[in-house]
There are 2 protein chains.
Amino acid sequence: MKQDTEKIIIEAACKVFYEKGYNGTTMRDIAQTAGVNLALLHYYFRTKDKIFEIVFSDAFTSLFKKISQALTSDADIFEKIKLIITGYVQTAQKHPQLPGFVMHEMAVNSQLMLPIIMKYKEQNHVVNLFDNFYVEIEEAGKKGIIKKINPESLCTDILSLSFFPFMAKNYLTELIYKDKKTFNLMVKQRIEHITNSIISNIIV
Amino acid sequence: MKQDTEKIIIEAACKVFYEKGYNGTTMRDIAQTAGVNLALLHYYFRTKDKIFEIVFSDAFTSLFKKISQALTSDADIFEKIKLIITGYVQTAQKHPQLPGFVMHEMAVNSQLMLPIIMKYKEQNHVVNLFDNFYVEIEEAGKKGIIKKINPESLCTDILSLSFFPFMAKNYLTELIYKDKKTFNLMVKQRIEHITNSIISNIIV
DNA sequence: GTCTATAGCGGGATAGAC
DNA sequence: GTCTATCCCGCTATAGAC
């Protein structure tokens, strides 16, 4: 049962870590959620930190996979932007707690996160990926295909509009939305909404 | 020294809670940061939860104060939006960890937060405030002063663009920005940037 | 591989001296 | 009001039986 148990534990760990964060999660939580004994977690993964490393690394990767596909595709600049937005929002729709999990751990436990990210960046040539996209944006600006904009600001805006609603769900449903139904409607229309507002801000 | 000590403790608690979140913070942390004895925290505030309640309540209020002023002013719709954006971003510039703190605690420790927020909402007539603003947006849409837009989506976008960059500072500086200098430059230009992109999306 | 039992430590909270 | 000392619980981690 080795493979199965390992997988069950990681899936349980995902669930609990996403929900409560690193500091709010106990090994007992994970064991109970997985339906296995506490000692087993240590048998398979030795420490809480090792489990967390796997969970965080997977989370980080899944936030990155789609954007990476989008950036390396040979679509034009508008299509690329659409792909990025779609990738981000779909990932968040599928795993609503994922963006908040990643952002919070990077803010609060950065000493634990940075080595993981460094490793990831080296293996996946992250820098080049973005550099090429930035050059593309700048050249499209010079050629008059789009407005002259700051590519980093563009990425910041896309990420903000894509992730924040999921990270702030409880805040928004308390203060901005009349009820959860209205919130969920917004989430469904989010890809189209963001795409329109980003595109309309860069067309000449 | 009663007044002073109380204040010193709360200020230290703010600093530590903002940095590490509720679950990552210990009473010993707060005591050390405040430069006072551990027992004193319990003498003044009895429990960790009571201290947290004060800190969270203040944080929540400071996110709300400026928007409240903006919404009750007699400025026109464009000016109001500018005021809201300015209020949010300035608050975040002054206390960069505040948005992340509030959003994360609401996501993770909602059972502790909701009673605090309920209390706040009742005392400050929060619902009416937003209702009036929503009506204003809708009427401006009907009159052709602005596009017909969903007021809740507008608020979501403003909040997203205003808060997310601060919540995701480490993520952005690792993946999107070449260095911290570029990130800080973006932060400085944020109010103008957001205002322009929000306004250009609602003008007819 | 999976369990029980427990070591060892760090956390919130309190008693009681000053 | 402020301190030291301490209780007691829950946490991570491990030893050892099966």
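Worth knowing before you read on, the calculation uses all heavy atoms, side chains too, and leaves out hydrogens, waters and symmetry mates. Here is how names work: the chains are called A, B, and so on, in the same order as the sequence lines, proteins then strands, and each is numbered from 1.
Note: CG (N37(B)) to C1' (dG12(C)) measures 14 Å, nearest angstrom. Regarding F45(B), its CZ atom lies at a distance of 18 Å from the C1' atom of dT14(C), rounded to whole Å. Computed from coordinates, the Q32(A) CD to dG10(D) P distance equals 14 Å when rounded to whole Å. Nucleotide dG12(C) holds its C1' atom 14 Å from the CG atom of N23(B), rounded to whole Å. Taking atom NZ of K7(B) as the reference point, atom P of dG1(D) lies 17 Å away to the nearest angstrom. Summarising the geometry, the separation between NZ on K50(B) and P on dG12(C) is reported as 17 Å, rounded to the nearest angstrom. Rounded to a whole Å, the CG atom of L41(B) is 17 Å from the P atom of dA15(C). If you measure from atom CG of L40(A) to atom P of dG16(D), you get 18 Å, rounded to the nearest angstrom.
Using a distance-only test at 3.5 Å, with no hydrogens or angles considered, no donor-acceptor pair links the side chain of E138(B) to the main chain of P151(B). One N or O on the side chain of T47(A) and one on the backbone of K50(A) form a donor-acceptor pair closer than 3.5 Å.
Put simply, the side chain of F166(B) reaches to within 4.5 Å of the side chain of Q93(B), judged on heavy atoms.
The cationic atom of K178(B) (NZ for Lys, CZ for Arg) does not lie both less than 6.0 Å from the six-membered ring centre of F130(A) and within 45° of the ring axis.
Side-chain nitrogen and oxygen atoms of T5(B) include at least one within less than 4.0 Å of the OP1 or OP2 phosphate oxygen of dT2(D).
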Protein-nucleotides 12-15 of chain D N/O pairs under 3.5 Å:
unit_1  : atom_1 : unit_2 : atom_2 : d
dT12(D) : OP1    : M27(A) : N      : 3.2
dT12(D) : OP2    : M27(A) : N      : 2.7
dA13(D) : OP2    : H42(A) : NE2    : 3.4
dA13(D) : OP2    : K48(A) : N      : 2.8

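A salt bridge links R190(A) with D157(B): at least one charged nitrogen is closer than 4.0 Å to a carboxylate oxygen.
In this structure, F52(B) and F101(B) have perpendicular ring planes: the angle between them is above 60°, well past the 30° mark.
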